[in-house]
Amino acid sequence: MVHSSGEEQDADTPWWHDAVFYQVYVRSFADSNGDGVGDLEGIRSRLGYLELLGVDAIWLTPFYRSPMADHGYDVADPRDVDPLFGDLDAFDALVAEVHDHGMKITVDLVPNHTSDQHLWFQEALAAPPGSVERDRYVFRDGRGVHGELPPNNWTSVFGGPAWQQVPDGQWYLHIFAPEQPDLNWRNPQVQADLEHTLRFWLERGVDGFRIDVAHGMAKPEDLPDMDPRLLNVDGLTAFAMDIHDPRFDDDGVHEVHRLIRGVLDQYPGTMAIGEIWVGDDDRFADYLRSDELHLGFNFRLVDARFDADSVRGAIEHSLGAVAKVGAQPTWTLSNHDVMRHPTRYGGGPLGTVRARAMALVELALPGVVYLYNGEELGLPNLELPDWALQDPIWERSGHAERGRDGARVPMPWEGNQPPFGFSENGAQPWLPMPDDWESLTVEAQLEDEGSMLSLYRQALEVRRTSGAFAGDELEWYGAPPGCFAFRRKGGGLICALNTSAAAVPLPPGDVLIASGPLDGTKLPPDTSVWLV
């Protein structure tokens, strides 16, 4: 693999050191059989596009056997492919072809919970309280005179209580949907089963794992009540509050990650990245110690406003957190759980212009970048009609929260009307696509030098081949209010961003790429630039 310095990567430097990953939300990428749902063969048919885009690796969201209560994050069998997406032969063919295209493949791992249709949970429901079957999950007696109240006041991330009562009176814990019972990670059988799953996919050639809810799994033994201030906070943003949430980031979780790392170390060249919603930099760094995860998803840029000070603060926090343990930083602007960033940045033409600017900022930073399928097309978040919503958050919140479906609408590939080449035979996709996406398709943007896709392709090519991107340290320049500029100390790349209302002088240097037209020697508002 070629390093970002443009030279062959050192043998001691892992392939993911500065890799660009592409998140494939499997349901929404490409449908090969005309049922309206993306699948493994659909992904395989589009690998040439991903190679053309210039990414180093892909990350697949869950494709395992599942009743799909949470679109695959409720896993009934973690060692098989759901027929909706294909079969193991299709998976093996995909792995082989990804490697043939010179890319790596990583897959989701969902260790915090299973589906309620998992064999283990069905056995637990049929077994009595105190049984070995129930000990694989978190079952407890209720509070109140007759156990009629939940064991504590914990709430589900998806809304409502985090406990569900079963017919014999006991309650089981589900931090997410009731169809996703939490596993008991103190149970040796649970630990052994995870090791089995890891080896199953590693032996099939996967290069790594993304660990879902990597700050979950372990629970305090006494299951204390939550601080009342947390009870009405979105579970995905509670990490930003300076209040400990007993549902997450329990010290015992690190033993799970040591187990994972112990297996991966037996398969050279493999890696794991954790989804870690932990706001404290020191505690975040704990997940990246030398015997735990290789990388941690950093959501600081997701939370940052389109404001130079906010973005710079996110960058400095992120670099400082990983520096404590010598790990690589990671960067992402969108994923399947959050609003797409062109919409976050104001929507419409303004949001698109700002998204272009932030793409160059993100790709200029040292470390690992995760792109979310469709962001290279500038796809906006969609406001879908009520009838189309499928995210469990919609129902669990009593229709108060619309959920994440607006960020999961399928990819538009070609043509001038829905489904824009997403589905074979023009089948209706699982989420409706708007009629006005003709100009956003891959086909349309490949021919347009000024498109978002062309910007990403050009930026990824320069990032991959230019020696200006060497080095993992940044040097900050003085800049006017509402602006910043930093320099990659090893290679000399300069990246400047203007979020103010007025044009400002460009830093000295030769322009490599700008996110929009430059005003002579000035950087216009809502624009970023690379210089050397």
Side-chain angles (χ1 to χ4, degrees), residues 299-316 318 331-334 338-365 369 371-372 374-382 406-407 436-437 439-440 444-445 448-460 462-463 474 476-488 493-532:
F299 300 104
R300 295 280 184 181
L301 282 184
V302 171
D303 279 351
R305 304 181 308 280
F306 186 79
D307 168 81
D309 290 341
S310 180
V311 175
R312 177 173 174 170
I315 293 169
E316 292 181 321
S318 304
W331 313 101
T332 191
L333 296 172
S334 284
V338 300
M339 181 182 291
R340 287 188 177 273
H341 54 279
T343 303
R344 294 203 313 270
Y345 296 151
L350 176 64
T352 298
V353 167
R354 290 174 169 178
R356 291 174 64 92
M358 285 301 297
L360 290 191
V361 171
E362 176 185 45
L363 290 170
L365 292 166
V369 174
L371 308 179
Y372 176 45
E375 81 167 73
E376 77 279 13
L377 304 178
L379 298 187
N381 224 74
L382 289 184
D436 61 355
W437 270 13
S439 64
L440 295 180
Q445 295 199 41
D448 179 3
E449 291 184 358
S451 69
M452 183 76 83
L453 178 56
S454 293
L455 176 70
Y456 269 79
R457 288 183 63 199
Q458 184 184 7
L460 288 168
V462 173
R463 185 181 190 271
L474 297 186
W476 294 92
Y477 288 87
C483 304
F484 68 59
F486 63 76
R487 176 179 173 271
R488 292 281 292 267
L493 174 82
I494 296 169
C495 178
L497 172 69
N498 182 5
T499 65
S500 75
V504 298
L506 281 170
D510 296 325
V511 173
L512 286 176
I513 308 179
S515 67
L518 299 179
D519 182 10
T521 60
K522 292 191 173 183
L523 183 64
D526 303 319
T527 307
S528 63
V529 64
W530 290 353
L531 310 102
V532 289

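Computed from a predicted model, the values in this text were never measured in an experiment. Numbering of residues begins at 1 and proceeds along the displayed sequence.
Side-chain contact between T343 and L382 is absent, with no heavy atoms from C-beta onward closer than 4.5 Å. In this structure, F486 and L497 have side chains that are not in contact, with every pair of non-hydrogen atoms separated by 4.5 Å or more. Inter-residue side-chain proximity for P524 and N498 is flagged as unmet; no heavy-atom pair is nearer than 4.5 Å. Proximity of L474 to R487: side-chain heavy atoms (C-beta onward) are nowhere separated by under 4.5 Å. At least one side-chain heavy atom of W437 sits less than 4.5 Å from a side-chain heavy atom of L379.
R463 contributes a side-chain N or O that, together with a main-chain N or O of L363, makes up a donor-acceptor pair within less than 3.5 Å. Side chain of R340 to backbone of S334: no donor-acceptor contact under 3.5 angstrom is found. No donor-acceptor pair under 3.5 Å is formed between the side chain of S528 and the backbone N or O of S515. For the pair S310 (side chain) and R305 (backbone), a donor-acceptor distance under 3.5 Å is present. Looking only at distances, no side-chain donor or acceptor of E362 sits under 3.5 Å from a matching main-chain atom of V369. S451 places a side-chain N or O within 3.5 Å of a backbone atom of D448 that can act as its donor or acceptor partner. Side chain of Y477 to backbone of I494: no donor-acceptor contact under 3.5 angstrom is found. In this structure, R344 contributes its side chain and M339 its backbone to a donor-acceptor pair below 3.5 Å. The backbone N or O of G374 sits less than 3.5 Å from a side-chain atom of E376, completing a donor-acceptor pair. One N or O on the side chain of Q445 and one on the backbone of L440 form a donor-acceptor pair closer than 3.5 Å.
Ring-plane geometry between F484 and W476 is classed as perpendicular, the angle between the planes exceeding 60 degrees on a 0 to 90 degree scale with a lower cut at 30.
Residues meeting the side chain to side chain donor-acceptor pair (under 3.5 Å) test with R354, sequence neighbours left out: D526. Residues satisfying the side chain to side chain donor-acceptor pair (under 3.5 Å) test with T352, not counting sequence neighbours, are none.
Residues V361 and C495 approach most closely at CA-SG, 3.9 Å, considering heavy atoms. Considering every non-hydrogen atom in both P342 and A355, the closest pair reads CG-CB, 3.8 Å. Minimum interatomic distance between L493 and L512 (heavy atoms only, all atoms of both residues): CD1-CD1, 3.8 Å. Scanning both residues, A314 and W331, for their nearest heavy atoms gives O-CZ3, 4.4 Å. Of all heavy-atom pairs spanning P507 and A496, the tightest one is CG-CB, 3.8 Å. The shortest heavy-atom contact between P525 and S500 is CB-O, 3.1 Å.
Pairs of residues two or more places apart, or lying in two chains, that qualify as ring-ring contact (aromatic ring centres under 6.0 Å, His included) and include a residue from residues 513-532 are F469-W530.
In this structure, Y372 OH and L333 CG are separated by 13.5 Å, a value rounded to the nearest 0.5 Å. Note that the OH atom of Y345 and the CG atom of L350 stand 12.0 Å from one another [nearest 0.5 Å]. Atom OG in S318 sits 8.5 Å away from atom CG in L365 (nearest 0.5 Å). Rounding to the nearest 0.5 Å places CD of E375 at 8.5 Å from CE of M452.
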Go through V529 and L360 one step at a time and tell me if the side chain to side chain contact (heavy atoms under 4.5 Å, CB included) criterion holds. CA-CA 7 Å; V529 64; L360 290 191; 5.9 Å; no
Kindly indicate, with the supporting measurements, whether the criterion side chain to side chain contact (heavy atoms under 4.5 Å, CB included) is fulfilled by F306 and H341. CA-CA 10 Å; F306 186 79; H341 54 279; over 6 Å; no
Under the side chain to side chain contact (heavy atoms under 4.5 Å, CB included) rule, what do V311 and L301 come out as? Steps first, then yes or no, please. CA-CA 7 Å; V311 175; L301 282 184; 4.0 Å; yes
Side chain to side chain contact (heavy atoms under 4.5 Å, CB included), that's the test. Do D519 and T527 meet it? Break it down for me. CA-CA 11 Å; D519 182 10; T527 307; over 6 Å; no
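With a 6.0 Å radius and a threshold of 12 heavy atoms from other residues, nucleotides or ligands, D510 has its CG atom at or below the threshold.
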